[in-house]
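Below you'll find the structure, written out as structure tokens, and then a few comments.
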Amino acid sequence: MKSNIITAKSLRAMGFPESPVIPVVLEAVKKHLKHTASADIEAQLKALLQAPENFYNDSVFATAAQKLKPPVEDTTTGGDISLNSTGISFAIYGASGIEAGAMHQMYTAAKLPVAVAGALMPDAHQGYGLPIGGVLATNNAVIPYGVGVDIGCRMCLSIFDIVPTELVQRENFFTRELLEATLFGSGAQFKQPANHAVMDSDVFDALPLLKSLKDRAWRQLGSSGSGNHFAEFGAVHIVDADTLPGVPAGTYIGLLTHSGSRALGANIAAHYTKLAKQLRRLPGDAANLAWLTLDEEAGAEYWMAMNLAGDYASACHHIIHAKVARQLGRRPLTMIENHHNFAWKETWNGQEVIVHRKGATPAAAGVLGIIPGSMTAPGYIVKGRGEMASVNSASHGAGRLMSRSKAMQNITHEAMKAELKKHGVKLLGGGLDEAPFAYKDIQAVMQEQTSLVDIIGSFQPKIVQMCGDAQRGWRRGPREKWHNDFVEGE
DNA sequence: ATGTGC
């Protein structure tokens with residue numbers, strides 16, 4: 001005797017999706033509902049189809065209900081993911097000076113299902129995934145390209161109790177010390193690397209990727225890289241007498257450095273963004289915003305590796321600053337430093353979130369940071385105001401006005417030389433793509449963020465070192481072993 | 001930003 005009339009064909013007609021749902025439903029019916037009337041079964045199947053969530057613990061249809069669960073609802077598992085149709089709202093500082101591409105990237109990021117809060121800083125420009133100058137808070141998700149390629153890129157300032165006129169009077173001495181304490185160049189490595197506790201971290205041994213990167217990381221420890229990275233002496237003016245303990249208002253010599261985590265961070269970023277993109281395919285422009293959750297293996301690994309790269313970047317600065325302090329025969333009165341490419345666990349609006357700052361300075365209430373200008377324009381020592389709308393963030397610089405290629409085409413060496421002379425700046429290395437004209441007016445950018453930070457002092461560059469033409473691999477033949485030419489000899 | 005290959 002035929003017990004009922006439920007077949008694959010009838011299930012299809014009711015609207016059940018093909019494999020694996022139909023076979024699972026058929027099996028459940030055959031196993032558990034052999035003697036149930038067809039009409040009753042049909043009623044149950046309709047209810048199942050309409051609201052599978054009511055059957056997740058059902059004795060008959062639990063498995064079928066799980067298979068019916070729409071995959072897009074679960075943003076923490078692999079596969080294709082849709083953007084929300086409406087993004088979270090976010091504050092934009094200095095909107096009139098921000099290029100359309102950066103705006104568009106931020107609007108895309110705002111539509112991520114994991115997005116909680118965001119903001120766009122006044123120095124924003126187009127990047128890869130999240131724009132440079134983009135801040136994004138997410139729920140339990142870390143976006144490798146929301147941190148950026150140069151993980152832990154940061155500023156570090158030492159303030160020495162020396163009158164800044166010495167930078168002019170003893171220019172050759174300070175120039176020599178700067179050259180001796182630093183190593184610039186893409187791929188540059190020390191022949192006799194420094195030692196630092198960061199290299200003893202057992203995290204290097206926890207992951208095969210980090211193990212493979214450890215030796216080069218050691219050889220690059222204390223180096224600065226290329227691009228917009230620099231090491232410079234300048235005149236520090238402290239205007240706020242109350243903020244820095246042991247540093248009264250007045251003028252000092254400062255050593256300011258800007259660099260990141262070299263090949264270590266770049267390779268961590270490349271590895272985990274690739275993994276994230278495999279795990280979570282996002283549509284169109286959002287593809288580079290693929291994330292990892294903190295409770296999955298890859299996400300936990302990235303978090304660990306990112307923090308190591310942050311510690312490593314910090315160590316690189318400290319090595320430079322220690323070399324200089326030793327040569328000056330002085331301890332700095334104070335040091336100020338901050339990452340501006342990183343992700344932090346923070347509380348925002350009462351919720352624990354992951355805050356990505358990709359080219360943005362942490363600016364929670366009372367937090368100190370450094371916002372550089374250009375090689376001739378002043379940078380600023382700032383204290384955060386804890387503005388919620390900016391997700392406790394501020395800009396990380398003036399922001400580019402011209403792309404590198406545009407700067408190379410439009411700026412002449414003569415104009416650059418004249419500008420350096422006008423500001424009394426001595427430049428070591430550096431290219432036209434880093435010329436002051438390629439950057440926005442830092443004073444105007446600071447005006448856009450008066451609600452985000454208070455200025456407690458400034459830094460006027462005097463002797464600036466950047467990566468020179470000779471250290472730029474891309475200027476040479478592609479197959480040339482360029483890095484051997486400028487490895488430091490110590 | 002890095003320094004090697006989609």
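Protein chains get the first letters and strands the later ones, always in sequence-line order, with residue 1 at the start of each. Side chains included, hydrogens not; waters and symmetry mates left out as well; all remaining heavy atoms used.
- Under the 30°/60° scheme for interplanar angles, the aromatic rings of His339(A) and Trp344(A) are found to be tilted.
- Shown for residues 224-233 of chain A: residues whose heavy atoms fall under 4.0 angstrom of DNA chain B, namely Gly225(A), Ser226(A), Gly227(A), Asn228(A), His229(A).
- Salt bridge present: Arg400(A) and Glu434(A) bring a charged side-chain N and a carboxylate O closer than 4.0 Å.
- In this structure, Gln189(A) atom CD and dT4(B) atom C1' are separated by 14 Å, rounded to whole Å.
- What separates OH of Tyr128(A) from C1' of dA1(B) is a distance of 13 Å, to the nearest Å.
- Distance CZ (Arg216(A)) to C1' (dT2(B)): 8 Å, rounded to an integer number of Å.
- Per the geometry, CD belonging to Glu434(A) stands 7 Å off P belonging to dA1(B), to the nearest Å.
- Residues Arg357(A) and Glu346(A) are paired through a salt bridge, judged by an N-O separation under 4.0 Å between the basic side chain and the carboxylate.
- To the nearest angstrom, P of dT2(B) lies 14 Å from CG of Leu213(A).
- Straight-line distance from the NZ atom of Lys358(A) to the P atom of dA1(B): 11 Å, rounded to whole Å.
- One interatomic measurement links the two molecules: CG of Asp150(A) to C1' of dT2(B), which rounds to 9 Å at whole-angstrom precision.
- For the side chain to side chain donor-acceptor pair (under 3.5 Å) condition, the pairs that include at least one residue of residues 407-422 of chain A, sequence neighbours left out, are Glu419(A)-His423(A).
- When the side-chain nitrogen and oxygen atoms of Arg404(A) are compared with OP1 and OP2 of dA1(B), one or more of them lie within a distance under 4.0 Å.
- Aromatic ring centres of His340(A) and His258(A) lie closer together than 6.0 Å.
- Formation of a donor-acceptor pair under 3.5 Å by the Glu177(A) side chain with backbone atoms of Gln327(A) is not found in this model.
- dT4(B) atom P lies 9 Å from atom CG of Asn267(A), rounded to whole Å.
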